[in-house]
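Counting starts at 1 for both ligands and their atoms, following the listed order. Heads up: numbering here begins at 1 and tracks the sequence.
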Amino acid sequence: MNSISLNSIQIPRKLKIVRNVQELSSQLKDILQSLGYWSKSILWVTGVYNSKKYLESIVKELTIPKPDIYVVGNNDFSAVSNLNSVLTKNNKKCIVSVGSGKVIDISKYCANQLNIEVISIPTTLSNDGISSPVSVLMDHTNKKHSLPSRIPNAVLIDLTCVLKSPTRLLRAGIGDLISNITAVKDWQIAERDIKEDINDFSLLTSITAANYILHLYELEIHNEKFIEALARGLILSGISMEMSGDSRPASGSEHKFSHAIDNLFPNRALHGEQVAVGTILSSYLQEGDWRKVKSFFTRFGVPVRAEEIGLKDGEIISALLHATHVRKRYTILEKVNLDEKMARDVLKRTGII
Ligand SMILES: [Zn+2]
């Protein structure tokens with residue numbers, strides 16, 4: 001009889017969604033004390049402007065006299081080596097990361113390299129990196145790399161802070177979360193066609209994450225209940241990746257399409273915006289309910305057309321054709337093997353061009 005080994009996974013010990021900085025600070029204080037870290041053993045990592053302001057309000061609440069604050073500019077490898085050397089030189093044991101995806105990505109990556117703790121306090125919800133064991137970093141040629149990182153010990157989210165963040169970032173978060181629907185379908189296609197192993201629990205977690213917001217169609221994007229569901233969904237999506245040990249449950253053909261855009265036409269749109277358009281395409285190719293996906297995105301102002309992600313017709317066709325080359329992962333794109341005429345046809349039928 002074949003034996004099936006058990007998975008050992010790390011998941012955040014605390015996931016708290018609160019309504020103001022006072023509540024968040026009090027939760028953070030409990031967590032830091034339970035971990036045994038206070039004052040000088042912590043490096044507070046943040047971004048510029050609003051993230052830094054928010055961090056300062058937390059530090060003020062906690063009455064920490066002279067916190068060591070490190071401001072991250074870019075999420076590239078030179079920023080990684082700078083942050084690593086600050087952490088090592090000052091013998092830091094814990095990072096409290098307050099900011100957008102870039103800040104949290106670099107914090108998780110350095111925490112993994114140095115084997116120290118990291119607490120994630122996202123100030124917006126633009127992707128599922130807030131709780132995932134994956135970080136996106138740029139190399140010197142501006143190419144993005146998805147790399148293994150440390151899953152945060154705790155994720156704390158202040159809804160009031162997130163609601164003040166740019167709506168465009170929240171829309172990108174919706175795109176990244178809904179993409180789990182097609183990513184999961186791709187995984188099932190790979191199981192059927194090439195006998196790829198599926199982690200059922202991870203798959204279930206990923207689809208549950210997307211469903212958190214899918215049934216909230218009638219709410220507005222700035223509704224607190226909707227943002228809370230988006231937060232819970234993105235956290236769960238990150239955890240589904242820890243369960244499978246890779247990004248498979250939350251990254252299928254729609255993400256390959258987005259990576260292809262990053263390679264060919266970098267910095268045109270946000271990750272979640274590109275992924276949203278990819279999700280419509282993937283759903284169409286998978287013979288899923290792509291109209292439902294598209295109308296959900298339209299309802300919340302998430303991009304559904306090539307021009308909304310800064311691409312001309314010819315460019316988006318090239319990106320779609322390039323998508324099978326970006327990473328070795330079997331999806332609907334490998335199954336259907338589009339040529340230029342088919343790619344144009346799919347983009348037209350879905351109203352993307
Ligand atoms: Zn993503």
If you draw a 6.0 Å radius around CZ in Arg349, do more than 12 non-hydrogen atoms from other residues or ligands fall strictly inside? no
Can [X] and [Y] be counted as an ion pair, charged N to O under 4.0 angstrom?
X	Y	value
Glu334	Lys256	yes
Glu228	Arg19	yes
Arg150	Glu117	yes

Check His271 and report its N/O/S atom nearest to the Zn ion (ligand 1), by atom name. NE2
Taking just the N, O or S atoms of His255, which one is nearest to the Zn ion (ligand 1)?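 Closest to the Zn ion (ligand 1) among those atoms: NE2.
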Are any N, O or S atoms from Asp176 nearer to the Zn ion (ligand 1) than 2.8 Å? yes
